[in-house]
Amino acid sequence: MTDSFRLNPSTMNGATASSTSILDDEVDGMKLADIQTHFEVTQFYNLEAEFLDDGRFADWMEMLAEDLHYWAPIRSNRLRRQQALSIAAPGESAFYDETRDSLAWRIRRYDSGMAWAEDPPSRTRHLVSNISVRQRSDDLLQVRSAFIVYRNRLHTEVDIYAGGRNDVLRPSGVHGFEVVKRTILFDQNVLLMKNISTFF
């Protein structure tokens with residue numbers, strides 16, 4: 001007995017059949033990058049997580065562009081009608097508002113042995129997922145991802161940070177890409193953010 005009715009995945013949930021590729025979908029005027037570029041960006045992020053978890057900050061710095069802007073604005077809980085105010089604007093309060101030079105200064109201090117809050121150092125595990133890569137008209141890549149960072153220090157100090165990143169990558173550098181701009185949005189309420197001593 002054969003089935004006379006077969007489900008067509010392209011027409012489920014109200015969709016209509018189409019021969020176009022998902023790569024043709026546009027968000028803010030940008031199309032999804034091809035599968036090879038997506039794979040290379042994913043490998044770039046996996047390597048970045050490895051460098052951070054292994055404490056190889058000098059290697060991590062090579063992944064950052066000279067003109068980097070690394071920004072994590074403060075978020076607050078607001079009513080739906082006030083959502084435009086829930087994320088601090090540029091120039092307002094932020095966990096990070098850094099350049100490559102200021103991050104290099106943080107790392108030099110960390111390596112100097114004078115950063116007492118990190119002696120003994122934390123152990124971290126960076127998990128990056130939900131990566132979407134879009135091609136911009138200026139040949140840069142717009143990349144969104146989600147992250148979870150587990151941090152443990154001493155016997156009982158444990159933090160878990162979750163959030164999203166919106167990066168601009170330039171195809172260049174030692175590892176094939178470099179981060180030109182990174183905006184980090186933490187999912188936690190600002191009152192729960194006890195210690196931001198690691199990088200994201």
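Computed from a predicted structure; not experimentally measured.
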Between P73 and A88, the two heavy atoms sitting closest are CB-O, 3.5 Å

Pairwise distance CG(L141) to CE(M30) - rounded to 0.5 angstrom: 10.0 Å

To the nearest 0.5 Å, tell me how far L47 CG sits from R56 CZ. 7.5 Å

R170 and its side chain to side chain donor-acceptor pair (under 3.5 Å) partner, picked from D138, D67, D139: D67

Do the side chains of F147 and L185 join up, straight or via other hydrophobic residues, at under 4.5 Å, putting them in one cluster? no

Side-chain donor or acceptor of D97 paired with backbone N/O of G91 under 3.5 Å: no

same_hphob_cluster(I87, L85) at 4.5 Å side-chain heavy-atom cutoff: no

Using atom types as modelled and distance alone, determine if a side-chain donor or acceptor of H38 lies under 3.5 Å from a backbone N or O of I131. yes

So how far is it from Y161 OH to I184 CD1, rounded to the nearest 0.5 Å? 12.0 Å

Measure across F177 and P171 and return the closest heavy-atom pair with its distance rounded to 0.1 Å. CD2-CA, 3.8 Å

Sort out for me which residue in R134, Q135, R136 forms a side chain to side chain donor-acceptor pair (under 3.5 Å) with Q142. R136

Do the numbers put R165 on top of the ring of Y45, so that NZ or CZ is under 6.0 Å from the six-membered ring centre and no more than 45° off the axis? yes

Measure from the side-chain N and O atoms of R78 to the backbone N and O of A84, and report whether any donor-acceptor pair falls under 3.5 Å. no

Hydrophobic clusters here meaning ILVMFWY residues chained together by side-chain heavy-atom distances under 4.5 Å, can you tell me if W71 and V180 are in one? no

Point-to-point distance, once rounded to the nearest 0.5 Å, from CG of D54 to CG of D59: 9.5 Å

Answer whether the closest heavy-atom distance between the side chains of E157 and R151 falls below 4.5 Å. yes

Is it the case that atom CZ in R144 sees more than 12 heavy atoms from other parts of the structure closer than 6.0 Å? no

Hydrophobic cluster membership, L140 vs V133, 4.5 Å side-chain cutoff: no

Are D187 and R75 close enough, and set up right, to give a salt bridge (charged side-chain N to carboxylate O under 4.0 Å, His left out), and what steps lead you there? CA-CA 8 Å; D187 290 340; R75 294 181 84 175; 3.5 Å; yes

When H175 is tested against each of F44, F51, W60 for ring pair (Phe, Tyr, Trp, His ring centres under 6.0 Å), which residue passes? F51

Rounded to the nearest 0.5 Å, the OH atom of Y70 sits from the CZ atom of F95 at a distance of 13.0 Å

Hey, does L169 have a side-chain heavy atom less than 4.5 Å from the side chain of V179? yes

Please check if V168 and L103 belong to a single hydrophobic cluster, counting links between Ile, Leu, Val, Met, Phe, Trp and Tyr side chain heavy atoms closer than 4.5 Å. no

For G173 and E178, which heavy atoms make the closest approach, and how far apart are they? CA-OE1, 4.4 Å

To the nearest 0.5 Å, atom CG of L64 lies from atom CZ of R182 at 7.5 Å

